[in-house]
Student: 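So that we are looking at the same thing, I have put the structure below in structure tokens.
Numbers restart at 1 for each chain; the letters A, B, ... are given by sequence-line order, proteins then strands. Only a predicted model underlies this, so the values are computations on that prediction, with no experimental measurement involved. Basis for what follows: all heavy atoms, side chains included, without hydrogens, waters or symmetry-related copies.
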Number of protein chains: 2
Amino acid sequence: MANAAKVLNALGDPTRRRIFELVASRPRSVADAAEHVPVSRPAVSQHLRVLKSAGLVRDRAEGTRRIYELDQDGLVALRAYLDRFWDRALSRFQMAAERAARTAEANPSTDPDKEHS
Amino acid sequence: MANAAKVLNALGDPTRRRIFELVASRPRSVADAAEHVPVSRPAVSQHLRVLKSAGLVRDRAEGTRRIYELDQDGLVALRAYLDRFWDRALSRFQMAAERAARTAEANPSTDPDKEHS
DNA sequence: TTGCTGCGTTAGCCATGACTTACCGTTAGC
DNA sequence: GCTAACGGTAAGTCATGGCTAACGCAGCAA
């Protein structure tokens, strides 16, 4: 059961995000992932536990080692959360564009593409 | 300039996520947002600063108060990051679905359609 | 100008959580 | 059976950062 809050919390940590990207690139064991990250093996194990509970990775036993691989559930949950704001963002963008168009019409020297915070 | 790392870090905090959702629902002043969150007004101001630097909100001065509103840049960056894993996730999902189909064929009592987040 | 109001900033406290070391259970190979 | 390898768990330390209190500053009204 992946929810967006867990996913965002899980990917909020840089080390954990790096581990997720490693596992996403191809299935890996804990030791394998630990080799590519500047933290200890238990730390990687703990991060993978968080990623798993967020629905971002799955694990399967393979002999004495556990292989972690990408799980799509977390990504689906995050995308669903994102879509909640998508329409609003687009409509605001459209309104802003219309405002900018009117402004440009009234004052052609102002280039709306040049505006930045 | 919004990058995915900043966005994920910004939305990783529950309070900050709540504030972002408030601002996304409609433009608000700092005090307005603070009324709907169990933290002080300065805390909200700091959170909004982080959200702004992540490209999730914009602010504009309106007399003595600042109005914060949704900014789509952060959402775009996050979606781009998400899409990096999307194809991989889909292909894995497809492989998993095929595995599940074979499993269901061997053991019909397991209904894959019943899985929900 | 003087007073009031709303925001931002700073300093400092404190809790969350990330990390390491040490230990234990499990599995494969001898 | 014994041993080695791998991974998860527990306990403890420490740093990151979220929060509050106090202060400073700008804009509006009288």
Student: First contact, last contact: which nucleotides of DNA chain C are these for chain A, 5' to 3', heavy-atom distance under 4.0 Å?
Tutor: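 Listing 5' to 3', DNA chain C meets chain A from C:dA18 to C:dA28.
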Student: Going by the rule side-chain hydrogen bond (donor to acceptor under 3.5 Å, both in side chains), which residues pair with B:Glu35 if we only count those two or more places apart in sequence or in a different chain?
Tutor: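 Counting only residues at least two positions away or on another chain, B:Glu35 forms no side-chain hydrogen bond (donor to acceptor under 3.5 Å, both in side chains).
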Student: Let me have the donor-acceptor pairs involving side chains of residues 41-48 of chain B, under 3.5 Å, with sequence neighbours excluded, atom names and distances please.
Tutor:
none

Student: Angle between the end axes of the helix from C:dT1-D:dA30 to C:dC30-D:dG1, five pairs per end, to the nearest 10 degrees?
Tutor: 30°
Student: Specify the separation, in whole Å, of atom CD of A:Glu35 and atom C1' of D:dA5.
Tutor: 14 Å
Student: Can you build the contact string for nucleotides 7-24 of chain D? Use B for base contact, S for sugar-phosphate-only contact, and - for no protein heavy atom under 4.0 Å.
Tutor: BBB--------SBBB---
Student: If you look only at pairs with a residue in residues 6-33 of chain B, which of them pass as a ring pair (Phe, Tyr, Trp, His ring centres under 6.0 Å), with sequence neighbours excluded?
Tutor: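 Of all non-adjacent pairs touching residues 6-33 of chain B, those that pass ring pair (Phe, Tyr, Trp, His ring centres under 6.0 Å) are A:Phe85-B:Phe20.
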Student: For B:Arg66, what residues pass the side-chain hydrogen bond (donor to acceptor under 3.5 Å, both in side chains) criterion, not counting sequence neighbours?
Tutor: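 Listed in chain order: B:Asp59.
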Student: Return the set of residues passing salt bridge (Lys or Arg N to Asp or Glu O under 4.0 Å) with A:Arg79 (not counting sequence neighbours), or none when no residue passes.
Tutor: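 If we apply the salt bridge (Lys or Arg N to Asp or Glu O under 4.0 Å) test to A:Arg79, skipping adjacent residues, the hits are B:Asp83.
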Student: For A:Asn9, which residues count as a side-chain hydrogen bond (donor to acceptor under 3.5 Å, both in side chains) partner, sequence neighbours excluded?
Tutor: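 Applying side-chain hydrogen bond (donor to acceptor under 3.5 Å, both in side chains) to A:Asn9 gives none.
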Student: Under 4.0 Å between a side-chain nitrogen and a carboxylate oxygen: does that hold for B:Lys52 and B:Asp73?
Tutor: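 No, no charged N to carboxylate O under 4.0 Å.
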Student: Partners of B:Arg16 by salt bridge (Lys or Arg N to Asp or Glu O under 4.0 Å), sequence neighbours excluded?
Tutor: none
Student: Could I get the full list of side chain to side chain contact (heavy atoms under 4.5 Å, CB included) partners for B:Arg49, not counting sequence neighbours?
Tutor: none
Student: Kindly write out the residues that satisfy side chain to side chain contact (heavy atoms under 4.5 Å, CB included) with B:Ala5, not counting sequence neighbours, or none if the list is empty.
Tutor: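 If we apply the side chain to side chain contact (heavy atoms under 4.5 Å, CB included) test to B:Ala5, skipping adjacent residues, the hits are A:Arg17, B:Asn3.
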